[in-house]
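Computed over heavy atoms, backbone and side chain alike; hydrogens, waters and symmetry mates excluded. Here is how names work: the chains are called A, B, and so on, in the same order as the sequence lines, proteins then strands, and each is numbered from 1. What you are looking at is a predicted structure, and each value in this text was computed from that prediction instead of being measured.
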There are 2 protein chains.
Amino acid sequence: MAMPVGIDDVARAAGVSTATVSRALRGLPDVRESTRKRVEEAAVRLGYAPTPSAVSLASGRTRTIGLLTPWVSRWFHSNAIEGACQALRLAGFDALLYSFQLEHDATRTPIDLDVLRRRVDGVLVVGMTMTASEVALLESLGVPLVYVGSGPPEQVRVHVDDVATARLATQHLLDLGHTRIGHIGGYPEQRTPWATEVCRARGYRDAMRAAGLPDDPDLLAYGRFERDGGRRAAVELLERVGDLTAIVADSDEMAFGALEVLRERGVTVPGRVSVVGVDGHELGDLIGLTTVAQDAVALGGAAAGLMLEMITGAPVDRDVVFPVELVRRASTRRH
Amino acid sequence: MAMPVGIDDVARAAGVSTATVSRALRGLPDVRESTRKRVEEAAVRLGYAPTPSAVSLASGRTRTIGLLTPWVSRWFHSNAIEGACQALRLAGFDALLYSFQLEHDATRTPIDLDVLRRRVDGVLVVGMTMTASEVALLESLGVPLVYVGSGPPEQVRVHVDDVATARLATQHLLDLGHTRIGHIGGYPEQRTPWATEVCRARGYRDAMRAAGLPDDPDLLAYGRFERDGGRRAAVELLERVGDLTAIVADSDEMAFGALEVLRERGVTVPGRVSVVGVDGHELGDLIGLTTVAQDAVALGGAAAGLMLEMITGAPVDRDVVFPVELVRRASTRRH
DNA sequence: ATCGTCAATGTAAGCGCTTACGGTCGCTCG
DNA sequence: CGAGCGACCGTAAGCGCTTACATTGACGAT
């Protein structure tokens, strides 16, 4: 194991001062081209690489972005993280992963954001509905923030139009002649108005109203944004609504849960009930789930891009909205 | 935004030297209990938190673990990462995520491991078959290494017995009376002997031989360890083997791909062909895929635990093997 | 009373960089 | 021909901690 080579070693080898090495290697001006060449040559020859912590301490920058996420193994999150990671690496930035297992949304333990302090140059909030106080806490870190998936309107965010997305899903069902359409979504209580849960619920309601259908609370069921949440909500819905002919689930994973319940109860899909989800989960294809797809990887990548621009001080779009696409598959049909 | 409070501020507030603050806050000996109390009180009051880069620079430790992984959005990886992340956070460690999109395995671009140098106290290699030279490079980092999923025998690793796993899957099919059992696995070429691809292929072969069946190269098809890889391999298999009655796929995701192909071609499952996968993917339940399940989250968590022990210098098991479990579902039946 | 001992602190030298500031030198310009 | 000006580079002061080593008392032993 070769012993560590520092910036002074390079300086000595190149016959210049450490300051010049620093400038030369970082491409700063005020360095003669011939000198820079010589320094770079020496650096390569010695296999020099700056010590990150020393750079951070001296410069105040970490070249690291924090990824704040409630889960890493869920579809949206893992894909968005993947996209962000790639983009960050390309720019020479590192990704610090902070996954907070958020239990019950109500009694959720306060996130210890202090672990981020002075650790990152910016943070990407991935698919996480934060409370107002959490947002304030985040802002107190004093670094750029980008919200992926959903975020406060006044913040920089990269997302799809959740209202339109749910409306599209619902409209698809309406177009097929359904009217008794149940909605399976995330718990809207204690949510800020911009939460995905809230927006998608609104999209559903908007579509129903626009079709002249009355608001019917029986058609609404909630659960956590995952398969099991979808299961519970579906059970509720089936027990409450006898003439249900369709379900729009706010995520594919919830839809999968609903499909399970339907199958267990012998309710054929799309024979008796049509189901549409939201996300564009890879396995939706195999399962034959009609869905409104979004490109989570691209969202993550775009968010990372924005973040990098913000760090360099460039002005950025405060609100980047990605398109969604209805993917018709076997789980929906005319009523 | 309150201005940053440093260790000296705490020292002043507590009426001691910075050295004492450092010792007191880190629980080192040689600090009178009353002093420690006073220092802690002051630290809390001022909202002091040490600057990570300063700590790293001075101590040489980063309290950060690098997670090396080829993908984050695939089942095994996202789950293992999730498990590792949680365990690390509990210990106050950060997780630096390095996701390398490995393209073609043959011409894979050399991983730039230098980004890890002096950045991490250890690295977890998650579900990644590394070449001998990559392993050597990793070792040159001079930090503890733990391999999750598969790794060189002489290294510390946390994994399932891949040979036994594939054997179990195959045996299940044999027990059901199948003999024309195709195997869908990852490309075994250019792999080290301990690669998951190689071991699972061996498990399949062992089971077949043990059942007295001849080696039949026609029954082997390869692809990447994901859905599309499963698709291609399945297509190959179907075109080559007319009397195929069962398939063992080396991952659930590959099995899903195979199921798609079978369905597209009108081959009923398990009517004409039985399929068994490996992993325990959440959606295997919905899809009804028989599989040999492993607990990826637990693997990740255990690996993180080992890592932490290694960092503190404790001796650890060099080889932690987790159990697997056959989960019978609708995709397999008696021939 | 004297000395070693040991617990509890303080002192200060780094850790490996960045960067404000100063200095040199060769030119241009009035 | 001297002042002024850039271009280029070196000096050195940190950045905010950790830690080897020195220091100080208090105390029991001699």
Donor-acceptor pairs under 3.5 Å, side chain of residues 145-156 of chain A to any protein atom, not counting sequence neighbours: which ones?
from, atom 1, to, atom 2, distance (Å)
A:Gln155, NE2, A:Glu139, OE2, 2.4

Rounded off to whole Å, could you give me the [atom1]-to-[atom2] distance for the [X] and [N] pair?
X       : N      : atom1 : atom2 : answer
A:Arg32 : D:dG10 : CZ    : C1'   : 14 Å
A:Glu33 : D:dC9  : CD    : C1'   : 15 Å
A:Asp8  : D:dA12 : CG    : P     : 14 Å

Looking across every strand, which nucleic acid part, if any, lies under 4.0 Å from A:Ser53 by heavy atom: base, sugar-phosphate, or nothing?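 Answer is nothing: A:Ser53 stays at 4.0 Å or more from every strand.
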
Within the structure shown, what part of the strands sits under 4.0 Å from A:Thr35 by heavy-atom distance: base, sugar-phosphate, or nothing?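 Sugar-phosphate only.
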
Does A:Arg12 have any salt bridge (charged side-chain N to carboxylate O under 4.0 Å, His left out) partners at least two apart in sequence or in another chain, and if so, which?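 If we apply the salt bridge (charged side-chain N to carboxylate O under 4.0 Å, His left out) test to A:Arg12, skipping adjacent residues, the hits are A:Asp9.
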
Quick check on DNA chain C: between A:Leu57 and B:Gly15, whose nearest nucleotide comes earlier from the 5' end?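 Nearest-nucleotide comparison on DNA chain C picks B:Gly15.
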
Closer than 3.5 angstrom, by distance alone: can the side chain of [X] be matched with the main-chain N or O of [Y] as a donor-acceptor pair?
X        : Y        : value
A:Arg74  : A:Glu226 : no
B:Arg63  : B:Ala91  : yes
A:Thr131 : A:Glu134 : yes
B:Glu82  : A:Ser73  : yes

Would you list the protein and nucleotides 19-27 of chain D atom pairs, both N or O, that sit under 3.5 Å from each other?
from, atom 1, to, atom 2, distance (Å)
D:dT19, OP2, B:Arg26, NH1, 3.1

Where at least one partner belongs to residues 117-127 of chain B, residue pairs that pass side-chain hydrogen bond (donor to acceptor under 3.5 Å, both in side chains), sequence neighbours excluded: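 Matches after skipping sequence neighbours: A:Thr64-B:Arg119, A:Asp94-B:Arg119, B:Thr62-B:Asp121, B:Asp114-B:Arg117, B:Arg117-B:Ser140.
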
Outermost DNA chain C nucleotides near chain B [under 4.0 Å, heavy atoms]: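 Going 5' to 3' along DNA chain C, contacts run C:dA8 to C:dG16.
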
Donor-acceptor pairs are to be reported for all side-chain atoms of residues 28-52 of chain B against protein atoms at under 3.5 Å, with residues two or more places apart or in another chain.
from, atom 1, to, atom 2, distance (Å)
B:Arg36, NH1, B:Ala24, O, 3.0
B:Arg36, NH2, B:Leu28, O, 2.9
B:Arg38, NH1, B:Ala14, O, 2.5

